[in-house]
Amino acid sequence: MPPLLEVTALRSGYGPIDVLHDIGLSVDAGEIVTMIGANGAGKTTTLLTVSGAVRVRGGRVAFDGHDLTRTPAHKVVSLGMAQSPEGRKIFPRLTVLENLQMGAFTRTDKPAIADDLEKMFGLFPILKERKGQAGGLLSGGQQQMLAIARALMSRPKLLLLDEPSLGLAPQIVTQIFDIIRDLNAKQGMSVLLVEQNARLALKVAHRGYVLETGRVTLADKASVLLNDPRIRAAYLGE
Amino acid sequence: MTFAVEPTFWTAFLQQTIDGLAFGALIALIALGYTMVYGIVELINFAHGDVFMLGGFLALTVLVLCGLEGLGVDQNRIKLDDLGLWAKAGLIALCLLLAMPFCGAINFGIDYMVYRPLRTAPRLAPLVSAIGVSFILMNVGLFWGGAQDVNFPKLVSDDNLLPADTGLRLTAKNAMVFGVTVPLMIALTLFVRFTKLGKAMRATAQNPTAARLMGINTDAVIGITFAIGGALAGAGAVVFALDVGTISYTMGFQNGLYAFTAAVLGGIGRIPGAVLGGLIIGLVRYYGSAYVGESWTGALIFGILIVILVFRPTGLLGSPTREKV
Ligand SMILES: Nc1ncnc2c1ncn2[C@@H]1O[C@H](COP(=O)(O)OP(=O)(O)OP(=O)(O)O)[C@@H](O)[C@H]1O
Ligand SMILES: [Mg+2]
């Protein structure tokens, strides 16, 4: 079976500058894959390019039997790919409930949307408590939960997660990662995870890629990377 | 103006308030187009006032085609006195029904042809283009209606709807102004607040990248926003033409300036702000003419704008902090 997501020789960037030079990676159905790398390596740009929010300049993106290379971002969601973007990008003046509804924008199955809304409130009870409040009034951790829940509202086959732990208290990080692992284990949802916290990321992921200045320089099983001396020195602070 | 009884200070004041609110409601309707477009693409659509102006000429052309006198056509015309109330109301409805999609389509077309290709260009490019489009549309108006003020059929009278002994005048024209503008503003508010598309508009305005990642076709949403703003301007044009009785190719410039000021005053990008700003400008204009002097109204309006912006740079209802992340 071909991988769910397959990125080949991807090149993209902003303005006159190429940020990604040669990114190749894949995510199988049911897999959690992580991308680690220093600040500015191009992790966020990779996720945005895969989602179509940044234009592909070279190479190929294939997802679940579709060629996404020229597909605009708004058509990607209904194919089963959702993203919780870097910096959360909550709609600050929409309520928590409206933010979640936007996550289901491409869906028309109203009763199932209502079901999923209840599921999100089950996963993140704080969002239910604050569903009438403006998204911008939530704390950082709550906004992160909202960003993830909003992405899940599209019922994705693949969830792209960009730095879900950034700026959060350790127990909230644990909580969020438990939920991600659970969604993967129980529902078979695939995850492409970008994390600053490389140790944490490599612990939850099955496989990992290392990015350096727009290129994949290392790819292996997460457990292997976790014990690789180069990784330990460069990304795990040892 | 004749009063049944000698107006006291308060009846005169109340009269200015009625007239000011009516004018303000009209300005608010135009201001909504500026503010919605700014809210979603951070662009001052300088052509908006001229889209409004073209709506006036379209309405007049529709009436001439229906057999009324106007635009130099005066042979075998229907006499206004021969038309009943319902016939007149029907003609007004027809004007609205045609001017709104007409102006909506023009505004959508401007976005599609001019602004969309410049969406990622430096700020100055769409701004200068907007000024250019404004001039082009003004010239279309000049070609359509000529350089002089053009009479617009008086389908709505100046009859007072209030009993004479109140000393106040709420004319049929005033009622028409409120009758068109208020329901449209309420409809817009409900649409933006409660419909899926309305929420998508707000989401796109607040974070376009995130909106795209939710599966929202932001280009389409932006186009629809232009169309709605244009349609409101089209309705405003019909109201203005009926109220004032003449239209001209320059009417977009002057009223556009008032409306733009209203949008900034209320907090550009905010729908309630445009309504508030419009009403304030209407009131200031009428109070100013009554108590300060007609020739000072312009200075007064802009003086107030400057004072408010000094103390609240984001306008009355604008959010004091930047929310863009
Ligand atoms: N919108 C943009 N316009 C221009 N350059 C950008 C933009 N976004 C990112 N860049 C540049 O692209 C490069 C890669 O950025 P990117 O955000 O993809 O890195 P990252 O690996 O996600 O880093 P971080 O760990 O800090 O999030 C950086 O040099 C950055 O300055
Ligand atoms: Mg990043």
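Residue numbering restarts at 1 for every chain, and letters A, B, ... go by the order of the sequence lines.
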Going from CG on L97(A) to NZ on K199(B), what distance comes out if it is rounded to the nearest 0.5 angstrom?
-> 6.5 Å

What distance do N207(B) atom CG and M102(A) atom CE have between them, rounded to the nearest 0.5 Å?
-> 13.0 Å

All heavy atoms of V77(A) vs all of R212(B), minimum pair found to be CG2-O, 4.4 Å

Heavy-atom closest pair (G215(B) atom, F105(A) atom, distance to 0.1 Å) is O-CD2, 3.7 Å

Are more than 12 heavy atoms from other residues, nucleotides or ligands located less than 6.0 Å from atom [atom1] of [X]?
{"X": "F191(B)", "atom1": "CZ", "result": "yes"}
{"X": "F178(B)", "atom1": "CZ", "result": "yes"}
{"X": "R193(B)", "atom1": "CZ", "result": "no"}

Option in R150(A), M81(A), R88(A), K75(A) with maximal non-hydrogen atom pairs under 4.5 Å from chain B = R150(A)

Based on non-hydrogen pairs under 4.5 Å, which of Q83(A), M153(A), E98(A), Q101(A) is most in contact with chain B?
-> E98(A)

Report yes if some heavy atom in the side chain of L213(B) is under 4.5 Å from a heavy atom in the side chain of P85(A); otherwise report no.
-> yes

Any side-chain heavy-atom pair from R93(A) and R202(B) closer than 4.5 angstrom?
-> no

Go through the steps to decide whether F91(A) and M214(B) satisfy the test side chain to side chain contact (heavy atoms under 4.5 Å, CB included), and finish with yes or no.
-> CA-CA 11 Å; F91(A) 303 115; M214(B) 299 301 116; 4.0 Å; yes

Could you have a look at T209(B), T120(B), I216(B) and say which one has the most heavy-atom pairs with chain A under 4.5 angstrom?
-> I216(B)

